[in-house]
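In what follows, a single structure is set out as structure tokens and then discussed.
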There are 2 protein chains.
Amino acid sequence: MGMAQKNIPSAKRDHLVDTALALFTEGGYHAVGIDTVLARAGVAKMTLYNHFASKEDLIVAALARKAEQSAQGLEKALAEAGADPQAKLLAMFDWLEGWFRSKDFRGCIYIKAAGEYPKKKDKPNQAALAFKQARVRLLLELCRQLGVKDADTLAWQIAMQMEGAIVVASMHSRPGAAQEAKAAAAVLIEAARRV
Amino acid sequence: MGMAQKNIPSAKRDHLVDTALALFTEGGYHAVGIDTVLARAGVAKMTLYNHFASKEDLIVAALARKAEQSAQGLEKALAEAGADPQAKLLAMFDWLEGWFRSKDFRGCIYIKAAGEYPKKKDKPNQAALAFKQARVRLLLELCRQLGVKDADTLAWQIAMQMEGAIVVASMHSRPGAAQEAKAAAAVLIEAARRV
DNA sequence: CAAGAAATATACAGATCAGTCTACTTTTGA
DNA sequence: TCAAAAGTAGACTGATCTGTATATTTCTTG
């Protein structure tokens, strides 16, 4: 019978996830219905439910897809910044600016996912938190490499500067926020070095 | 006939807005239906639609109610901080921490509103942006009083530190983010003074 | 080619959604 | 007191929602 197994790679599944990511990014999670995604993807409803148990699972897959893309782009940007951890940290804000200035920038889908699925047990909420935690771990690792005394505090401060830049850039339509945040991060790093 | 006029003060209307604010804060805007709000408020559906043209208008009213409460609390905190603009700026982060540690802290309803109503023409989006703009204006005024050279940049940097603190506190369940952000703001202010 | 898997179209269930309508009751204020 | 205003109950649209059932077709691959 016509039943694909869940989580098995498939071109249709891939396309579905890509379409879902684009539409949820544009319109939000609750506001965009399954039927809209299916129509845009040109895929039958049963194909969706053969690959995913629920809409929330599709959302989680879309969040994971974005996480891959994001990690890939960021790793490249960090590699191009060279070996210096400070240069890498500051390069993250240039990378942010590139995102802010891309024509399809609609803010952070993880912040939005946590907003629309506020309960800790909600799968999109868990996926969003996991992504953010990974980013903080990356910041913490770089701050440790800086050799500053309180790497933990600095990492969270830079994390907040980044999250704030995303919020300001999206809500106020202010892509230049990235450079202001970068300058702030530089000041924070210098101050942390001096301690 | 039984038709109250829109935007006319009324105890029922007030209670409806309070209930809506609480429920939308907890569960999100699309996820919480009109019927849920009405049931919780103990109010008839026609009472809602006699006071508001649509659900979105009720959301806007709830956002406005929160803005009043927020402005009231913040003004008090700033007044208690004394006349020094730097003290006022740093006091904002203590005020943030109080909010983060309140048992009903669920993140920023304006960030969420902008996320769920992403189009600029959506009324909740406009209301959310207006609130955030007002806050930036307040920060800018305080930074100008500091007498630093680039008050504009400093104001946006502190704004980002605040927004980031809100995101981190809510997503990572980290109310202590407020103090880390406060320390960061102090560093940024000191650096801006030196220029 | 042939068999099995994958994807399809379509109809449907059952719930929920925002919003309307009507007739009735309660509250309010001159 | 009495009339207008405000609020209520409840049925009712008509749309939309997630998810399922079924029968058919297309694709893949040995």
Side-chain angles (χ1 to χ4, degrees), chain A residues 1-21 23-24 26-63 113 116-117 119 121-125, chain B residues 1-21 23-24 26-63 113 116-117 119 121-125:
Chain A
M1 301 207 207
M3 318 185 73
Q5 289 179 56
K6 316 235 151 145
N7 301 322
I8 293 294
S10 145
K12 290 287 177 185
R13 194 193 126 107
D14 267 23
H15 185 229
L16 209 40
V17 173
D18 282 335
T19 306
L21 175 55
L23 291 181
F24 290 146
E26 256 187 65
Y29 302 98
H30 286 95
V32 173
I34 284 296
D35 292 338
T36 304
V37 176
L38 294 172
R40 174 73 68 93
V43 159
K45 187 174 269 195
M46 277 314 294
T47 302
L48 191 166
Y49 283 103
N50 282 333
H51 283 292
F52 302 97
S54 65
K55 182 186 182 182
E56 285 199 12
D57 280 19
L58 174 62
I59 291 171
V60 169
L63 294 175
E116 289 205 41
Y117 297 89
K119 296 184 206 148
K121 64 170 190 177
D122 293 332
K123 289 188 212 170
N125 187 293
Chain B
M1 297 167 223
M3 317 183 74
Q5 290 179 54
K6 318 235 150 142
N7 301 322
I8 293 295
S10 144
K12 290 285 177 185
R13 194 194 125 107
D14 266 23
H15 185 229
L16 208 40
V17 173
D18 281 335
T19 307
L21 175 56
L23 290 181
F24 290 145
E26 257 187 64
Y29 302 97
H30 286 94
V32 173
I34 284 295
D35 291 340
T36 305
V37 177
L38 294 172
R40 174 73 68 92
V43 158
K45 188 175 269 195
M46 275 315 294
T47 303
L48 191 166
Y49 283 102
N50 282 332
H51 282 292
F52 303 97
S54 65
K55 182 187 182 183
E56 286 198 12
D57 281 19
L58 174 62
I59 291 171
V60 169
L63 293 175
E116 289 206 41
Y117 297 88
K119 295 183 207 148
K121 63 172 190 174
D122 293 334
K123 290 189 213 170
N125 187 295

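Values in this document were obtained by computation on a predicted structure and should not be read as measured data. Values below: every heavy atom of this structure, side chains too, minus hydrogens, waters and symmetry copies. Residue numbers start from 1 in every chain, and the chains themselves are labelled A, B, ... in the order their sequence lines are given, proteins ahead of strands.
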Protein-nucleotide distance ([X], atom [atom1]; [N], atom [atom2]), rounded to Å:
| X | N | atom1 | atom2 | answer |
| --- | --- | --- | --- | --- |
| B/L48 | C/dC21 | CG | C1' | 16 Å |
| B/L38 | C/dT16 | CG | P | 15 Å |
| B/L58 | C/dG19 | CG | C1' | 13 Å |
| A/D14 | C/dA6 | CG | C1' | 15 Å |
| A/H51 | C/dA6 | NE2 | C1' | 8 Å |
| B/F52 | C/dT20 | CZ | P | 15 Å |

- [ ] Could you list the residues that satisfy ring pair (Phe, Tyr, Trp, His ring centres under 6.0 Å) with A/H30, not counting sequence neighbours?
- [x]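 Ring pair (Phe, Tyr, Trp, His ring centres under 6.0 Å) check on A/H30 returns A/Y117.
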
Open item on the list: For B/K6, give me all partners under side chain to side chain donor-acceptor pair (under 3.5 Å), at least two apart in sequence or on another chain.
Closed with: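 Expected list: none.
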
Protein-nucleotides 17-20 of chain D N/O pairs closer than 3.5 Å?
unit_1: D/dT18; atom_1: OP1; unit_2: A/I34; atom_2: N; d: 3.4
unit_1: D/dT18; atom_1: OP1; unit_2: A/K55; atom_2: NZ; d: 2.8
unit_1: D/dT18; atom_1: OP2; unit_2: A/I34; atom_2: N; d: 2.9
unit_1: D/dG19; atom_1: OP2; unit_2: A/Y49; atom_2: OH; d: 2.8
unit_1: D/dG19; atom_1: OP2; unit_2: A/K55; atom_2: N; d: 2.7
unit_1: D/dG19; atom_1: N7; unit_2: A/K45; atom_2: NZ; d: 3.1
unit_1: D/dG19; atom_1: O6; unit_2: A/K45; atom_2: NZ; d: 2.7

Open item on the list: Any side-chain N or O of B/S10 below 4.0 angstrom from OP1/OP2 of D/dA6?
Closed with: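 No, no such contact exists.
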
Open item on the list: Whether B/K12 contacts D/dT8 is assessed here as follows: a side-chain N or O lying under 4.0 Å from the phosphate OP1 or OP2. Is that the case?
Closed with: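 Checking D/dT8 against B/K12, a side-chain N or O does come within under 4.0 Å of OP1 or OP2.
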
Validation: residues 33-49 of chain A side-chain donor-acceptor distances under 3.5 Å, sequence neighbours left out:
unit_1: A/D35; atom_1: OD1; unit_2: A/K45; atom_2: NZ; d: 3.1

Open item on the list: Once salt bridge (Lys or Arg N to Asp or Glu O under 4.0 Å) is applied, what residue pairs with a partner in residues 50-62 of chain A remain, sequence neighbours excluded?
Closed with: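 Residue pairs passing salt bridge (Lys or Arg N to Asp or Glu O under 4.0 Å), neighbours aside: A/D57-A/K123.
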
Task: With sequence neighbours excluded, residues passing side-chain contact (heavy atoms from CB on, under 4.5 Å) with A/K119 - done: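 By the side-chain contact (heavy atoms from CB on, under 4.5 Å) rule, A/K119 matches A/K121, A/D122.
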
Task: Side chain to side chain, B/N7 and B/R13, heavy atoms closer than 4.5 Å - done: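 The answer is yes, as the side chains (C-beta and beyond) meet within the 4.5 Å cut-off.
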
